Amino acid sequence: MPDPSSALPSDSIKRLLPWLVAVAFFMQSLDTTILNTAVPAIARAMEVTPLNMKAVLASYTLSLAVFIPISGWMADRFGTRRVFASAIGFFTVGSILCGLATSIEMLVACRVIQGVGGAMMMPVGRMTLARTFGKADLVRAMSFVAIPSLVGPMIGPVAGGLIVAYLHWSIVFFVNIPVGLLGLYFVQRYLPDYRETQTHPLDVVGLVLFGGGIALLSYVLEVFGDHRLSLAEIFGLLGIALALLAGYGIRATLTAFPLLNLGLFKLRTFRAAVSGGFFTRLGLGGIPFLFPLLYQIGLGFSPIQSGLLVLPQAIASIGLKTFMPTILAKLGYRNVLVGNTIIVGIMIMSFATVGAHTPIWLIVMQAFILGFFTSMQYTSMNTLVYADVSASQTSSASTIAATGQQLAISFGVAGAGLIAAFFVPPELHSHPDALIHGVQQSFLALGILTVVSSVVFMELRKDDGEAISQHDSQKHRAAQPESAEH
């Protein structure tokens with residue numbers, strides 16, 4: 001049961017809490033968007049092809065997916081404040097080490113350290129919000145948290161372009177230091193310290209099975225098509241990965257306290273939010289990796305220009321957040337997620353038309369529209385997770401949702417790079433026309449996948465998530481006078 005000493009934070013803490021969580025989210029989003037813009041420059045410095053840089057991006061999200069499963073247990077055992085502060089510390093130290101890296105192998109290893117810290121931030125932050133705010137206020141709280149965190153994507157691409165153009169690529173990692181120190185100070189002082197008075201033992205065997213399975217699976221996606229391994233070796237590793245994951249699935253049904261509480265998937269809203277979110281993020285996850293390749297290598301834009309072209313997407317995302325509670329209240333989760341997923345997929349496919357002769361204004365408009373509907377997608381999926389979850393299940397729900405999210409992003413980056421590499425011969429990886437063609441095929445594939453993923457949300461009922469969206473409650477209030485007459 002929860003520790004009663006920290007069960008009721010004051011009103012001032014409740015007002016400050018979204019800002020505290022947003023500091024960590026801001027640092028993560030700033031780091032990712034700055035790095036995406038700097039990918040071509042780092043590739044030149046490390047003497048590798050830009051497509052090989054997907055290992056640097058995928059290793060971070062893979063590390064998140066491996067370590068996120070223990071974040072809920074750690075928060076319950078050691079308290080949200082200590083775990084959240086430790087996460088920021090790990091992330092900051094990992095950022096320093098990344099800036100000091102001298103090879104792509106060293107950079108990948110340091111990104112894994114960053115991922116250990118990042119793995120604790122997102123689920124513990126969301127869990128703290130879910131325990132602090134009632135379900136009726138959760139959409140507003142989550143939307144508010146997303147506004148400051150979206151400043152990262154606004155600043156990141158432009159800052160990354162300026163750093164690459166006028167300084168050294170390593171500076172893109174050092175900008176995390178002041179943000180991390182600021183976050184540590186405020187978290188230690190103000191973050192509510194939720195914990196459980198009694199915790200079950202950590203499922204170490206489950207962690208090995210699940211972590212090993214997804215690590216191998218991601219590695220297979222990363223090396224497939226690079227000719228480093230034979231086809232037999234790749235399928236052998238794939239078989240081992242699937243066997244490990246299947247072994248975890250069996251263990252989860254036999255052990256009393258599994259690493260991930262798969263029983264939550266019996267809840268329709270949770271199942272749709274996590275599984276639908278996984279397939280949707282497979283499509284969206286590869287986009288930040290593809291944009292810098294398209295803009296800088298394919299179209300010949302400078303890093304600064306490439307960063308500015310991403311800016312409309314972030315501006316649209318921020319603009320939507322204030323309207324999100326109203327949209328959900330009017331349409332409900334089912335209508336929003338089914339229709340919005342299809343629109344997002346179509347917008348991803350629209351970037352397959354971007355080429356050397358595409359006018360800048362059209363690229364800006366496409367990015368703005370994509371940002372608007374992507375923001376709606378993420379907020380809807382992230383809040384639907386908690387629609388039918390009890391207070392005691394929030395840590396498990398946050399853990400599973402965050403694990404699926406990072407797995408999807410990791411696989412999305414690896415898949416986007418794989419598709420592009422399939423259409424671009426190794427000797428033409430730096431050839432603009434060839435790279436544009438490969439990236440366009442990736443946009444088409446990812447967009448189609450996103451459209452198809454809308455099917456998952458069709459299992460939702462019209463009144464699902466009403467405690468959070470307040471969709472049905474408004475409709476019932478409007479219908480009361482008419483029913484009274486009968």
Side-chain angles (χ1 to χ4, degrees), residues 30-61 95 98-99 101-108 110-111 152-153 155-175 222 225-226 285-311 313-314 351 354-356 358 360 363 367 412-443:
L30 179 68
D31 173 83
T32 301
T33 50
I34 285 183
L35 179 59
N36 286 334
T37 307
V39 159
I42 298 176
R44 288 192 297 270
M46 299 291 185
E47 298 181 345
V48 297
T49 63
L51 287 177
N52 284 336
M53 285 295 293
K54 66 179 182 289
V56 176
L57 305 179
S59 61
Y60 173 74
T61 50
S95 299
C98 284
T102 55
S103 68
I104 189 170
E105 292 80 11
M106 183 177 177
L107 183 57
V108 167
C110 295
R111 288 285 284 172
I155 298 175
V158 180
L162 290 170
I163 289 170
V164 169
Y166 299 108
L167 299 172
H168 190 266
W169 64 263
S170 61
I171 306 298
V172 303
F173 295 104
F174 295 150
V175 297
E222 200 260 308
D226 290 350
I287 302 301
F289 173 69
L290 294 174
F291 275 161
L293 299 180
L294 174 65
Y295 295 153
Q296 295 183 43
I297 298 176
L299 302 181
F301 293 136
S302 69
I304 297 175
Q305 291 172 321
S306 174
L308 288 172
L309 284 175
V310 180
L311 198 58
Q313 191 175 351
F351 281 90
V354 174
T358 305
I360 295 296
I363 299 176
V413 171
L418 174 62
I419 296 168
F422 180 79
F423 288 97
V424 183
E427 66 274 11
L428 296 178
H429 276 188
S430 297
H431 190 279
D433 291 338
L435 194 67
I436 287 175
H437 175 69
V439 169
Q440 287 175 337
Q441 303 310 306
S442 292
F443 281 129

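What you are looking at is a predicted structure, and each value in this text was computed from that prediction instead of being measured.
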Inset, instruction - List in chain and number order the residues that pass side-chain hydrogen bond (donor to acceptor under 3.5 Å, both in side chains) with Ser302, two or more places apart in sequence or in another chain; answer none if no residue qualifies. - result: Gln305
Side-chain atoms of residues 164-171: list all donor-acceptor pairs with protein atoms under 3.5 Å, sequence neighbours left out, distances to 0.1 Å.
residue: His168; atom: ND1; partner: Ser170; partner atom: N; Å: 3.2
residue: His168; atom: ND1; partner: Ser170; partner atom: OG; Å: 2.9

Inset, instruction - Taking ring pair (Phe, Tyr, Trp, His ring centres under 6.0 Å) as the test, write out the residues that go with Phe291, two or more places apart. - result: Tyr295, Phe351, Phe443
Inset, instruction - Measure across Ala416 and Gly286 and return the closest heavy-atom pair with its distance rounded to 0.1 Å. - result: CB-CA, 3.9 Å
Inset, instruction - Could you please spell out the steps behind the side-chain contact (heavy atoms from CB on, under 4.5 Å) verdict for Ile436 and Val354? - result: CA-CA 8 Å; Ile436 287 175; Val354 174; over 6 Å; no
Legend entry - Leu294 side chain near Leu290 side chain, heavy-atom distance below 4.5 Å: no
Inset, instruction - Check side-chain hydrogen bond (donor to acceptor under 3.5 Å, both in side chains) between Ser442 and all other residues, then give those that pass, not counting sequence neighbours. - result: none
Inset, instruction - Rounded to the nearest 0.5 Å, what's the gap from SG on Cys98 to OH on Tyr60? Could you check? - result: 10.0 Å
Inset, instruction - Quick one: list whatever passes side-chain contact (heavy atoms from CB on, under 4.5 Å) with Val56, sequence neighbours left out. - result: Leu35, Met53, Ile104, Leu107, Val108, Arg111
